[in-house]
Amino acid sequence: YRSYLSSKMFRKLNYQYVLSYLGLMPFILIIFHNSLLFQINQEILKNFVIYYTIIISVFIGATNWNLIQNVDNSKVFYGFFPSLFAVILIICNLYNFKFDTLILTLIFILSIQLFLDYIFIYLKSINKKSYYFLRIPLTLLIILSLLIIRSQF
């Protein structure tokens, strides 16, 4: 009976959700880096936070692309904007813009992206489950992590 329940549970387990939430681990490790046994250079940590968050933002934008179907041009441009902002932020980071400014910009971009995802992707959708149980909580947890990390540096 137990093996039946566990196999049924794994069939219902959405690995996209699990892997998405596991993506928070680098933020959690950085928040607790002072209590870990090893110390990591602060500049490396700052750069990692910026680049990792950029990767997440671009990934979110890319998930809105559907290459099989003809997609409305507004959705195509909307999916492209995170990549454009990523390039701009990478250049700003390479030119040593203030860490606080970059983090606040990332928080702003993630917030706008969350709002626009609802408008462009989920507003007319019947199934908003992934928005409510994945996009909103993950984005809020990332923003909270960024605020905590910002206060540590």
Side-chain angles (χ1 to χ4, degrees), residues 13-125 127-153:
L13 185 64
N14 187 330
Y15 291 108
Q16 291 170 316
Y17 280 62
V18 173
L19 291 174
S20 295
Y21 278 99
L22 284 175
L24 293 171
M25 288 307 295
F27 292 114
I28 294 167
L29 291 174
I30 289 171
I31 289 170
F32 293 109
H33 81 277
N34 288 331
S35 61
L36 298 175
L37 296 176
F38 54 91
Q39 290 293 318
I40 302 172
N41 179 295
Q42 299 288 340
E43 281 304 308
I44 291 173
L45 285 176
K46 287 179 180 180
N47 285 323
F48 179 82
V49 167
I50 290 167
Y51 295 134
Y52 187 67
T53 307
I54 287 170
I55 289 169
I56 290 171
S57 175
V58 170
F59 178 78
I60 292 167
T63 60
N64 296 326
W65 284 43
N66 185 345
L67 298 177
I68 297 171
Q69 300 175 354
N70 265 345
V71 179
D72 181 25
N73 287 338
S74 62
K75 285 185 181 180
V76 171
F77 287 112
Y78 174 66
F80 165 75
F81 279 118
S83 298
L84 177 65
F85 288 126
V87 170
I88 292 168
L89 286 172
I90 288 169
I91 291 169
C92 290
N93 189 49
L94 291 172
Y95 276 101
N96 295 321
F97 274 58
K98 287 176 61 176
F99 182 71
D100 280 353
T101 304
L102 294 173
I103 292 296
L104 291 174
T105 303
L106 284 166
I107 290 170
F108 177 75
I109 288 170
L110 289 169
S111 301
I112 293 297
Q113 193 175 30
L114 179 65
F115 174 73
L116 291 178
D117 268 9
Y118 185 81
I119 300 297
F120 281 109
I121 311 301
Y122 295 98
L123 183 64
K124 295 179 183 175
S125 174
N127 184 4
K128 295 177 174 67
K129 181 179 164 186
S130 62
Y131 186 77
Y132 293 126
F133 294 107
L134 190 65
R135 281 291 284 124
I136 291 175
L138 275 175
T139 300
L140 294 178
L141 287 169
I142 291 169
I143 289 171
L144 178 63
S145 298
L146 289 173
L147 289 171
I148 292 169
I149 290 168
R150 178 180 170 255
S151 72
Q152 291 179 335
F153 290 106

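Source: prediction; values computed, not measured.
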Self-check item: side-chain contact (heavy atoms from CB on, under 4.5 Å) between Y51 and I54, intermediate numbers included
Solution: CA-CA 5 Å; Y51 295 134; I54 287 170; 4.3 Å; yes

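- Below 30°, between 30° and 60°, or above 60°: for Y132 and Y118 the angle between ring planes is between 30° and 60°, a tilted geometry.
- The number of heavy-atom neighbours closer than 6.0 Å to CZ of F48, taken from other residues, nucleotides and ligands shown, is above 12.
- Counting heavy atoms from C-beta outward, L89 and N93 have side chains that stay 4.5 Å or more apart.
- In plain terms, the two heavy atoms of T139 and L110 that are nearest each other are CG2-O, 3.8 Å.
- The distance from the CD1 atom of I50 to the CD1 atom of I103 is 5.0 Å, given to the nearest 0.5 Å.
- Considering CD1 of I112 and CZ of F115, their distance stands at 7.5 Å, rounded to 0.5 Å.
- With rounding to the nearest 0.5 Å, the separation of CD1 in I142 from CG in L114 is 10.0 Å.
- Closest non-hydrogen pair, Q113 versus S57, comes out as NE2-O, 3.0 Å.
- Centroid-to-centroid, the aromatic rings of F27 and Y52 come within less than 6.0 Å.
- Here the closest non-hydrogen pair linking T105 and T101 is OG1-O, 2.7 Å.
- Taking all atoms of both residues into account, the shortest heavy-atom contact from V58 to A86 is CG2-CB, 3.5 Å.
- Listed by first and then second residue, the side-chain hydrogen bond (donor to acceptor under 3.5 Å, both in side chains) pairs involving residues 19-30 amount to none (not counting sequence neighbours).
- Between Y131 and P137, the closest heavy-atom pair is O-CD, 4.2 Å.
- Annotation: the span from I107 atom CD1 to L146 atom CG amounts to 5.0 Å, rounded to 0.5 Å.
- When the shell of 6.0 Å around CZ of F108 is examined, it contains 12 or fewer heavy atoms from other residues, nucleotides or ligands.
- Expressed to the nearest 0.5 Å, how far CG of L138 lies from CZ of F133 amounts to 13.0 Å.
- Rounding to the nearest 0.5 Å places CD1 of I56 at 10.0 Å from CG of L106.
- In plain terms, the two heavy atoms of D100 and R150 that are nearest each other are OD1-CG, 3.3 Å.
- Surrounding NZ of K129 are at most 12 heavy atoms belonging to other residues, nucleotides or ligands under 6.0 Å away.
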